[in-house]
Amino acid sequence: MRKPHTIEKKPTRSTSYRLPIEILDELENEARAKNISENVLVKQILDKHINWDKMAELLGMVPVPHGLLKIIGKDMSENQIEKIVDALYPVIIDSTMFVKGGNDLERTIEMLEDYMKASGMKSDHRVEGTIHHFIIQHGIGMTWSLFVEKLLRRIFNERVPDKEPICQLTETTVIVSIALGSDFDEHSY
């Protein structure tokens, strides 16, 4: 069963902006290509800016092309992966505290979901009874699958040390399964 992400119906209001024709044409073309309305596309763009881009800028994040990550990861040793996880873990915790107002497991998972969504990675959260399956499809090679596994193991080991995650890896996908209980919800804190 997929973990539903609650979509809260929020009040709306109409407004208008004066934009260059070229921008409007591009928005129209992109909306048509995605088979969504221009209004939905503009809402997605603004939502991404409000919920991720402005925070990413404050945190000093920079975009890195997938192709570069594939090249970097190609010859990376397990020791180097561990060093990256060790360096990145406190950054994730500090960023989660800054953006989400705390660093518990729920907020940390939600922060990682936000990052994956913003970077174009596919992720899913499925629940079977008390077992939660976190599925991440990155598409950039086994080294990065190992990296994701080690990072998630570190997060779970620090936050719920009495629970042992079970991991499955391929070249493109990581599944981390862990018993968090049927009431765990990373969007409810």
Side-chain angles (χ1 to χ4, degrees), residues 2-3 5 30 33-34 44-45 47-49 51-100 102-128 131-180 184 186:
R2 264 201 170 116
K3 180 80 174 162
H5 293 284
E30 186 173 344
K34 290 182 174 182
Q44 289 173 350
I45 292 167
D47 186 57
K48 182 176 178 284
H49 171 74
N51 292 313
W52 183 258
D53 294 342
K54 73 177 190 173
M55 288 299 166
E57 187 176 322
L58 287 171
L59 296 171
M61 298 184 97
V62 295
V64 178
H66 281 187
L68 179 59
L69 289 175
K70 279 184 178 181
I71 292 167
I72 292 169
K74 189 175 169 195
D75 297 320
M76 203 180 310
S77 70
E78 190 163 341
N79 187 41
Q80 290 170 316
I81 295 169
E82 300 242 359
K83 285 182 180 180
I84 293 171
V85 169
D86 289 344
L88 186 59
Y89 180 77
V91 172
I92 290 171
I93 298 309
D94 288 347
S95 299
T96 301
M97 288 183 70
F98 179 71
V99 173
K100 302 291 182 184
N103 68 354
D104 53 34
L105 181 60
E106 292 83 357
R107 291 170 198 195
T108 305
I109 296 293
E110 187 178 63
M111 182 74 173
L112 291 174
E113 285 178 346
D114 290 349
Y115 171 76
M116 287 181 284
K117 182 179 176 185
S119 64
M121 279 188 235
K122 296 179 184 113
S123 69
D124 198 7
H125 178 183
R126 298 179 189 173
V127 182
E128 291 181 71
I131 306 297
H132 292 255
H133 305 283
F134 298 93
I135 304 162
I136 299 158
Q137 191 172 43
H138 55 79
I140 52 177
M142 188 54 88
T143 298
W144 295 108
S145 288
L146 290 168
F147 166 77
V148 170
E149 175 197 12
K150 289 180 182 303
L151 179 61
L152 290 176
R153 278 189 188 279
R154 174 87 179 263
I155 289 167
F156 287 123
N157 288 338
E158 295 277 335
R159 298 290 178 267
V160 283
D162 58 325
K163 311 281 185 187
E164 184 63 32
I166 297 169
C167 302
Q168 301 172 59
L169 311 176
T170 70
E171 289 276 328
T172 61
T173 306
V174 177
I175 300 173
V176 177
S177 303
I178 187 166
L180 296 174
F184 176 84
E186 70 272 22

Item checked: Check against ring pair (Phe, Tyr, Trp, His ring centres under 6.0 Å), His133 and His125 -> CA-CA 6 Å; His133 305 283; His125 178 183; 9.0 Å; no

Next item on the list: Tell me, with the steps shown, if Lys150 and Glu78 meet salt bridge (charged side-chain N to carboxylate O under 4.0 Å, His left out).
Entry: CA-CA 10 Å; Lys150 289 180 182 303; Glu78 190 163 341; 3.0 Å; yes

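- Taking the side chain as every heavy atom from C-beta outward, Leu152 and Ile136 approach each other to under 4.5 Å.
- A pairwise comparison of heavy atoms in Lys70 and Gly139 identifies CE-O, 3.4 Å as the closest pair.
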Next item on the list: Evaluate the criterion side-chain contact (heavy atoms from CB on, under 4.5 Å) for residue pair Leu146 and Leu169; output intermediate values, then yes/no.
Entry: CA-CA 8 Å; Leu146 290 168; Leu169 311 176; 3.7 Å; yes

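- In this structure, Pro165 and Val176 approach most closely via the heavy-atom pair CB-CG1, 3.7 Å.
- Residues Val99 and Met111 meet the side-chain proximity criterion, which asks for heavy atoms closer than 4.5 Å.
- Judged by distance alone, with hydrogens and angles left aside, the side-chain atoms of Thr173 form no donor-acceptor pair with the main-chain N or O of Thr170 at under 3.5 Å.
- When side chains are defined from C-beta on, Ile135 does not count as touching Lys122, because their heavy atoms never get closer than 4.5 Å.
- Between Asn103 and Thr108 the shortest heavy-atom distance is O-OG1, 3.4 Å.
- Checked by atom type and distance alone, the side chain of Gln80 pairs as donor or acceptor with a backbone atom of Ser77 at under 3.5 Å.
- Remark: the backbone N or O of Leu69 is paired with a side-chain donor or acceptor of Trp144 at under 3.5 angstrom.
- Shown here is Gln44, whose CD atom has more than 12 heavy atoms of other residues, nucleotides or ligands within 6.0 Å.
- One finds a salt bridge joining Lys48 and Asp53 here, because a Lys/Arg side-chain nitrogen approaches an Asp/Glu carboxylate oxygen to under 4.0 Å.
- For the 3.5 Å distance criterion, the side chains of His138 and Ser145 qualify, holding a donor opposite an acceptor.
- Side chains of Lys83 and Asn79 form a contact here, defined as non-hydrogen atoms less than 4.5 Å apart.
- Under the 4.5 Å side-chain criterion, counting only non-hydrogen atoms from C-beta, Tyr89 is in contact with Ile155.
- A 4.5 Å side-chain heavy-atom check between Ile178 and Ile166 finds every atom pair outside the cut-off.
- Between Lys100 and Glu106 there is no salt bridge, since no side-chain nitrogen of the basic residue lies less than 4.0 Å from a carboxylate oxygen of the acidic one.
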Item checked: Test log, rule salt bridge (charged side-chain N to carboxylate O under 4.0 Å, His left out), inputs Arg107 and Asp104 -> CA-CA 6 Å; Arg107 291 170 198 195; Asp104 53 34; 3.5 Å; yes

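- Residues Glu186 and Glu113 have side chains in contact (heavy-atom distance under 4.5 Å, counting atoms from C-beta outward).
- Each ring-ring contact (aromatic ring centres under 6.0 Å, His included) pair with one or both residues in residues 151-179, not counting sequence neighbours, appears once here: Phe134-Phe156.
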Next item on the list: Applying side-chain contact (heavy atoms from CB on, under 4.5 Å), run through Met121 and Tyr115 and close with a yes or a no.
Entry: CA-CA 8 Å; Met121 279 188 235; Tyr115 171 76; 3.9 Å; yes

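- Between Arg153 and Glu149, at least one side-chain N (NZ, or NE/NH1/NH2) sits under 4.0 Å from a carboxylate O, which counts as a salt bridge.
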Next item on the list: I would like to know whether Leu105 and Phe184 meet side-chain contact (heavy atoms from CB on, under 4.5 Å); could you show each step before the answer?
Entry: CA-CA 10 Å; Leu105 181 60; Phe184 176 84; 3.8 Å; yes

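- Applying the 6.0 Å contact sphere to CD1 of Ile131 captures more than 12 heavy atoms from other residues, nucleotides or ligands.
- Between Lys117 and Asp114 there is no salt bridge, since no side-chain nitrogen of the basic residue lies less than 4.0 Å from a carboxylate oxygen of the acidic one.
- Here the straight-line distance linking atom CD1 of Ile81 with atom CG of Leu151 works out to 12.0 Å at 0.5 Å rounding.
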Next item on the list: Run the numbers on Lys163 and Asn157 for side-chain contact (heavy atoms from CB on, under 4.5 Å), then give the verdict.
Entry: CA-CA 7 Å; Lys163 311 281 185 187; Asn157 288 338; over 6 Å; no

